[in-house]
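Presented below is the structure to which this report refers.
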Amino acid sequence: MRARGAETARVLRGLLHLYPVLFAMERHSNCTSSSSENGVLDVKPLRSLAPMFPAPFGFNAITQSTVPPFVRVTPFGSSPAGSDSSYPSGVPPAFPPFSFHKAPNQKPMNPDPVSVATHVGDAHVAMTPGANGSLRASPLSTSAKTPTSGTFWTPSATNVSIDEDEFPSLDDNMPASGRKTKRAGRRGSNQAGSSGTDVKRKRPNKSLNTELPLLPSSSNHPRESVEIVLMTYDALRRRLLQLDEAKDVNRRQDLKAGAIMAGKDLKANAGKRIGPVPGVEIGDIFYFRFEMCLIGLHAPSMAGIDYMTASFSDKDEPVAICIVSAGGYENEDDDVDVLIYSGQGGSGKHDKKQPDDQKLERGNLALERSLHRKNQIRVVRSTKDVSCPTGKIYIYDGLYKIDDSWVEKGKTGFNIFKYKLLREPGQPDGIAVWKMIQKWKENPSSRGRVILPDISSGAENIPVCLINDVDDERGPNHFVYVTTVKYLRHTTSMKPLEGCMCLSVCLPGDTNCFCAQQNDGDLPYNSMGLLVRRKPLIYECSVSCQCSFNCRNRVTQKGIRLHFEVFRTKDRGWGLRSWDPIRAGTFICEYAGEVISKTRVEDDGEEDEYIFQAMYLGEKASRWNCGPELLEDPDINNSNEVFRPFPITISAKNSGNIARFMNHSCSPNVFWQPVLYDHGDEDYPHIMFFAIKHIPPMTELTYDYGLHGDEAGQQEIGTGFMSQRAKKCLCGSPNCQGYFG
DNA sequence: GTGTACTCAAAATT
DNA sequence: CAATTTTGAGTACA
């Protein structure tokens, strides 16, 4: 329609050219099998449960005979479509082995026939004719026409949609005329894009931004797409907050960032679907409702019930697809497998405060229909954010089905609909992890298999326990626990930092603050102490400053703030994880140890597995700042920083802290950032780690050691010095590079 | 296509 | 501090 065809074709060609991987969809799943070593019971798949085989476009096995095959393509994966990942995050099995009755961490392995059969079976039963009527998801709105399963994120390209006419609704049984399409078949979804003629974009593209380095460079894995969207969103939101703080206004950066993202079609999993969302795993956490909108988990920006019209064999009906239980109503959610959820409405209209009976409409009606259709419903639960008592954390808790519903009188005396939801069996723990940790915190002795309650022996602000619930290792080799790096010279003899003259605390927007000036004019952390943008070097306030220790420009110098544990991994020695949820941008820890000279590295480098060199940042970290680019903020674009390596080399072999236990991953959740606070030698900064993304509790913390994918590095494998250190990577992430340094 | 009512937000304010 | 007000975005639906 319209004369947009040519432009669309051009855009698509451009995108094809730029991002060929986006259009290569063939993938096979690595099913995750749980070993039952030691005869452990409870075989269960890891975090991603459903997706056992690829169904890239969310074809729903639509078999309506009057419709030409492959014509009706909906993005709604009511089939077990979804991610094909075993470790979508690439982060080693986030499934925590703290429960001793369960199988410990797993590597991707051959499919476990049992769990595959079970899950496919489950999904099938729900969706197949015969059981409860066949379930065909159908679009509610035009925006749902995206013929993808969300395998990509959607930088415009995946919003390629087929012309409306080619999607007769199920009701108008057969299109009037001329509605046969050229669709070749399943793999044709994106070929349709390349043909250009029968394709149009869903909505005018406000800005293509193809020049932005935002796209996943080496992966078309849905997990990657979701992560990129979330990382970009949060970077943008943090930057907007920083700008607002400097102007002393504060208004909903979450919505502003979300509007910008949505306006540029930077979303994943466009369109609604029943069941799992590709790239979203049980246990994933969110700090804003908008995050869940952008990745296709829960579309409404405020409402708690997400629903869509689905087609059953007899008729179309609204069914609920996702609910958020966040304390707004009288729910019961103490049980990890049962949720009593209240319907919506009745709490008083916008203008009138008067409560009222709830009505069987909207979300309530959809929930009621879901009770009868027995479709899976995603559930998001919430908890209070410990680090920010005014805030909430949303936890994706997996799939449930409605078991019962009734009406009862609420506290105000008016009728409320109640729905009893039961968690589908066989899923990894979601909220259960949180409840478990809560118990540990109340009663530390309930955390079993503790080897040492605090490996820092009191050196850290918070104890760091040592845990092994995998094998019989009693702990790492001896080392001295230190909390910071030890330089070759004492810091007092190093070049000093110049301080600021701010009284009390440094304030954003104060152009006179010398420390802000050093950091390109902004305070590097926001009021919550989160890093706003990665920088070549951060200057924190120091002893030379007039400001107090409470100044917000003192973050990393105060030491760790999270409850960590060093734990035994299944196949990678010791690892590090946290009992606390970690928000993107949070300071994790320093790389402590001794600064050593290059010559010493070469002398005995091969024996030292605890060396840190500031030579390689990692791809994720390089993209961490990309959100603000969307603002087209000239300030930022000019500062287009190139990564600069530092000559510093730190060994944590003999002395170190928790950082020495952080393993490598090609899909890391942590990156390093140079910081100065106690001296001014720019070649020898402190190496501080920050969270790349929101990290659920008990998820292993990893960073990218480098070498992989690096051409120089590759060449060095098997030859020079580096060859001694290059190791086969066991990170298990879908875009694993095979080796790391 | 347009307008509007509705909503388990999130911050600011009282 | 808790309760309340304010400003909201996306969606369904008229």
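What you are looking at is a predicted structure, and each value in this text was computed from that prediction instead of being measured. A note on names: the letters A, B, ... follow the listed sequences, proteins ahead of strands, and every chain is numbered from 1.
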Students often get this wrong, so: under 4.0 angstrom with heavy atoms, is [X] touching a base, only sugar-phosphate, or nothing?
X: A:Gly345; result: sugar-phosphate
X: A:Phe288; result: sugar-phosphate
X: A:Arg252; result: base
X: A:Ser382; result: nothing

In whole angstroms, how far is the [atom2] atom of [N] from the [atom1] atom of [X]?
X: A:Arg289; N: B:dC6; atom1: CZ; atom2: P; value: 18 Å
X: A:Leu240; N: B:dA11; atom1: CG; atom2: P; value: 13 Å
X: A:Leu367; N: B:dT7; atom1: CG; atom2: P; value: 13 Å
X: A:Leu421; N: B:dC8; atom1: CG; atom2: C1'; value: 14 Å
X: A:Arg583; N: B:dA10; atom1: CZ; atom2: P; value: 10 Å
X: A:Met302; N: B:dA10; atom1: CE; atom2: P; value: 9 Å
X: A:His298; N: B:dA9; atom1: NE2; atom2: C1'; value: 11 Å
X: A:Met528; N: B:dA11; atom1: CE; atom2: C1'; value: 13 Å

Practice problem: Indicate whether any N or O donor in one side chain lies under 3.5 Å from an N or O acceptor in the other, for A:Asp580 and A:Ser578. | Solution: no
Quiz item: Are a donor atom and an acceptor atom from the side chains of A:Glu245 and A:Asn526 found within less than 3.5 Å of each other?
Solution: no
Quiz prompt | Salt bridge flag under 4.0 Å for residues A:Asp397 and A:Arg381 | solution = yes
Does [N] have its OP1 or OP2 closer than 4.0 Å to a side-chain nitrogen or oxygen of [X]?
X: A:Lys392; N: B:dA10; answer: no
X: A:Tyr307; N: C:dC13; answer: yes
X: A:Tyr287; N: B:dA10; answer: no

Quiz item: If you find the nucleotide of DNA chain C closest to A:Lys256 and the one closest to A:Pro318, which residue's nucleotide is nearer the 5' end?
Solution: A:Lys256
Quiz item: Aromatic ring centroids of A:His694 and A:Tyr287 under 6.0 Å?
Solution: yes
Quiz item: So, A:Tyr341 versus A:Tyr419, ring centres under 6.0 angstrom or not?
Solution: no
Practice problem: Mind listing the residues from residues 324-338 of chain A sitting with a heavy atom below 4.0 Å of DNA chain C? Number order is fine. | Solution: none
Self-check item: Side chain of A:Ala262 - closest among C:dG8, B:dA9, C:dG10
Solution: C:dG10
Practice problem: Take the angle between the ring planes of A:Phe288 and A:Tyr233 and call it parallel below 30°, perpendicular above 60°, tilted in between. | Solution: perpendicular
Quiz item: What does B:dT7 pair with, Watson-Crick or G-U, if both distances are under 3.5 Å?
Solution: C:dA9
Quiz prompt | Side-chain donor/acceptor of A:Tyr329 to backbone N/O of A:Gly345, under 3.5 Å | solution = yes
Exercise. Assign each of A:Asp254 and A:Arg362 to its nearest nucleotide of DNA chain B by heavy atoms, then name whichever residue's nucleotide is nearer the 5' end.
Key: A:Arg362
Quiz item: Mapping A:Arg237 and A:Tyr341 onto DNA chain B by nearest heavy atom, which one lands closer to the 5' end?
Solution: A:Tyr341
Quiz prompt | Test log, rule side chain to side chain contact (heavy atoms under 4.5 Å, CB included), inputs A:Leu266 and A:Leu630 | solution = CA-CA 10 Å; A:Leu266 298 175; A:Leu630 299 172; 3.5 Å; yes
